[in-house]
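Structure first, commentary second.
Just so we're on the same page: letters track the sequence lines, and every chain starts at 1. The model shown is predicted, which means the values in this text are computed figures rather than measured ones. Below, each value reflects all heavy atoms present in this structure, side chains not excepted, and no hydrogens, waters or symmetry copies.
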Amino acid sequence: MVVVASSLPDSIHPHNFPAKLWRLVNNLENKAICWDSYGDAIIIDQHLFERQILSQSTTNSDSTEAFKTTNFTSFVRQLNLYGFRKHEPAIKDNHPPTGDGGMYHHFHNPNFKRNHPERVASLKRLTVNNKAKIQAGLNVNCRPPGLRKEMTPF
Amino acid sequence: MVVVASSLPDSIHPHNFPAKLWRLVNNLENKAICWDSYGDAIIIDQHLFERQILSQSTTNSDSTEAFKTTNFTSFVRQLNLYGFRKHEPAIKDNHPPTGDGGMYHHFHNPNFKRNHPERVASLKRLTVNNKAKIQAGLNVNCRPPGLRKEMTPF
Amino acid sequence: MVVVASSLPDSIHPHNFPAKLWRLVNNLENKAICWDSYGDAIIIDQHLFERQILSQSTTNSDSTEAFKTTNFTSFVRQLNLYGFRKHEPAIKDNHPPTGDGGMYHHFHNPNFKRNHPERVASLKRLTVNNKAKIQAGLNVNCRPPGLRKEMTPF
DNA sequence: TACGTTCTAGAATATTCGTGC
DNA sequence: AGCACGAATATTCTAGAACGT
């Protein structure tokens, strides 16, 4: 058992994509996805990811960790929906040696950095509706755990 | 016979859902529902619950303990009506070992904690009317045992 | 191998819920869901369905047939989204004898009848947007296979 | 009147498919 | 060909509404 270094604030819904991604990338047992050497971007070994994470979607009943998809492209769609962009790896940033020569992908997001777990709460799902709201300066509903927008607690 | 650790104040109607739930979760003989390790949320083993609690609804005539429904979804509707929300288990919070590999559900409620039986009286049924009353700062009638709303002294 | 009696028009997307449901209910090998004796409604044996259809969601890689959910309630949500309503079984309509005494559900839909496969194309997903479009007399996009909304010939 | 049960719908995220650049 | 994204369906969780007691 490996202790996860940094945990997220409670305000982040643990079921949603950003929290799942955070746990995956900080889980040292998981070789399929990790931080780059600066902690500024994530590196994904596509083949390992497909074998060790996505194909587990069908056998792992722990819905906190599993995805329901087995397609890597669906995972990338989620990354893009939450504002991640692909970029080329920095020259100095060697790929981790654990892969099997597969394909690597680097993705970065200004609000997803190793040393800033608190920024994960800033990740918004960039649907058309949410982008309009953000444009208008409104608050975006991200279904926080335990409360809904209308439900003032009693 | 297992002694229930903490009992509820008399002001809580023993036939109503919150009291039934409190007794279930504090009954150590009952493996289908229990506290999480912090006493902050309840964990329900759906299959066990259906077999051991809900299917007894038709044979157990003790209306104080039995539910009239055999549908797990109706039980969940009650949880939501009383303000419970589903959330994912904390990483450290292992599932109880008694299940059969079935589905687990975690629900939490700020007024339903192991160490705070007195707060159970704060649970209100969140109907549309009650939510309006709460919003307006009015008192919500919760039908205490042996009392009626008109009996408030003046 | 059992030959399915009536097949759907090509215009119906085979991956979508109505087509999956049609194939399930017309597959004589499948005992979990079938037509009632009039061919006017479908009868679902919940426990069989959970065991034989939904739990296969995790092992069957044939996405044309499998659901990604294991929850019966999610399946019911889909039924409701496509306009199915639950009703009580007709007196003459005995439950099929193959069940294990579990729970039966009858659902009906004016556009889902055994003798009218062509009507399945009329099933619309009743989201808020689609309902507004239907109300306004507009066409509802149902993503037919290989076609897009702009590709209507002019 | 309030609570319990049932059925349906709203609203958010997740997944899929296709298109434009 | 690769990447980002619109738009549709699928899944999940919660709430509304009707009805019975």
Side-chain angles (χ1 to χ4, degrees), chain A residues 13 15-18 20 57 63 67-71 73-87 105 107 125-131 140-145 148-151, chain B residues 13 15-18 20 57 63 67-71 73-87 105 107 125-131 140-143 148-150, chain C residues 13 15-18 20 57 63 67-71 73-87 105 107 125-131 140-151:
Chain A
H13 198 303
H15 198 55
N16 286 0
F17 181 80
K20 286 186 182 180
S57 303
S63 66
F67 295 105
K68 282 193 175 294
T69 186
T70 57
N71 301 315
T73 58
S74 292
F75 174 71
V76 173
R77 184 73 191 91
Q78 286 280 67
L79 286 171
N80 286 324
L81 272 172
Y82 281 95
F84 285 81
R85 298 305 187 92
K86 194 172 187 178
H87 71 178
H105 303 272
F107 281 91
R125 203 161 182 272
L126 298 174
T127 59
V128 175
N129 276 347
N130 280 353
K131 283 192 285 191
V140 171
N141 225 338
C142 15
R143 197 164 68 182
R148 293 286 296 260
K149 59 186 172 195
E150 309 88 350
M151 286 199 52
Chain B
H13 197 301
H15 278 44
N16 286 2
F17 181 79
K20 286 186 182 180
S57 303
S63 67
F67 295 105
K68 287 206 185 71
T69 185
T70 58
N71 301 316
T73 57
S74 292
F75 175 69
V76 173
R77 185 73 192 90
Q78 286 280 66
L79 287 171
N80 286 140
L81 271 172
Y82 281 95
F84 284 81
R85 298 305 181 100
K86 195 172 187 177
H87 73 176
H105 304 272
F107 281 91
R125 201 164 179 270
L126 298 174
T127 59
V128 175
N129 277 345
N130 280 353
K131 283 192 286 190
V140 171
N141 227 339
C142 16
R143 197 166 68 182
R148 299 294 297 254
K149 65 182 172 206
E150 301 87 358
Chain C
H13 197 303
H15 277 44
N16 286 1
F17 181 80
K20 286 186 182 180
S57 303
S63 68
F67 295 106
K68 283 193 174 293
T69 184
T70 58
N71 301 315
T73 57
S74 293
F75 175 71
V76 173
R77 187 71 192 89
Q78 287 279 67
L79 286 171
N80 287 139
L81 271 172
Y82 281 94
F84 285 82
R85 298 304 186 94
K86 196 172 188 179
H87 71 179
H105 304 273
F107 281 92
R125 205 161 181 272
L126 299 174
T127 59
V128 175
N129 276 346
N130 280 353
K131 284 192 285 190
V140 171
N141 225 339
C142 16
R143 199 167 67 183
L147 287 180
R148 293 292 299 250
K149 64 182 170 202
E150 302 87 357
M151 289 187 63

Looking only at the side chain of [X] (C-beta and beyond, no hydrogens), which of the listed nucleotides [options] gets closest?
X: B:Phe67; options: E:dC5, E:dA10, D:dT5; answer: D:dT5
X: C:Lys86; options: E:dC13, D:dT8, E:dG6; answer: D:dT8
X: A:Arg125; options: D:dC3, D:dT13, E:dT12; answer: D:dT13
X: C:Asn16; options: E:dA10, D:dT5, E:dA7; answer: E:dA10
X: B:Asn71; options: D:dG4, D:dT16, D:dT6; answer: D:dT6

Within residues 73-83 of chain C: residues closer than 4.0 Å to DNA chain D (heavy atoms): C:Arg77, C:Asn80

Quick check on DNA chain D: between C:Val128 and B:Pro18, whose nearest nucleotide comes earlier from the 5' end? B:Pro18

Report yes if the side chains of [X] and [Y] come closer than 4.5 Å at any heavy-atom pair, otherwise no.
X: B:Phe75; Y: B:Asn71; value: no
X: B:Arg77; Y: B:Leu81; value: yes
X: A:His105; Y: A:Phe107; value: yes

Distance in angstrom units between [X] [atom1] and [N] [atom2], rounded:
X: C:Leu126; N: E:dA8; atom1: CG; atom2: P; result: 15 Å
X: A:Lys68; N: D:dT16; atom1: NZ; atom2: P; result: 11 Å
X: A:His13; N: D:dA14; atom1: NE2; atom2: C1'; result: 13 Å
X: C:Asn129; N: E:dG6; atom1: CG; atom2: C1'; result: 14 Å
X: C:Phe107; N: D:dT6; atom1: CZ; atom2: P; result: 13 Å
X: C:Arg85; N: E:dA17; atom1: CZ; atom2: P; result: 14 Å

If you take the centroid of each ring, where Trp contributes its six-membered ring, are B:Phe84 and B:Phe17 closer together than 6.0 Å?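 Aromatic pair excluded; centres sit 6.0 Å or further apart.
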
So, OP1 or OP2 of [N]: does either fall under 4.0 Å of a side-chain N or O from [X]?
X: B:Lys20; N: D:dG4; answer: no
X: C:Thr69; N: E:dT12; answer: yes
X: C:His15; N: D:dC17; answer: yes

Please find the pair of heavy atoms, one from B:Thr73 and one from C:Thr73, that lie closest to each other, and give the distance.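 Reported closest heavy-atom pair: CG2-CG2, 3.0 Å.
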
Would you name the heavy atoms of C:Asn130 and C:Arg125 that are closest together and state the gap between them? ND2-O, 2.7 Å

CG-NZ distance between B:Asn16 and B:Lys20, expressed to the nearest 0.5 angstrom: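 Answer for the CG-NZ pair, B:Asn16 versus B:Lys20, is 8.0 Å.
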
Checking all strands, does A:Phe84 fall into the base, sugar-phosphate, or nothing category for heavy-atom contacts under 4.0 angstrom?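 Nothing, no heavy atom under 4.0 Å.
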
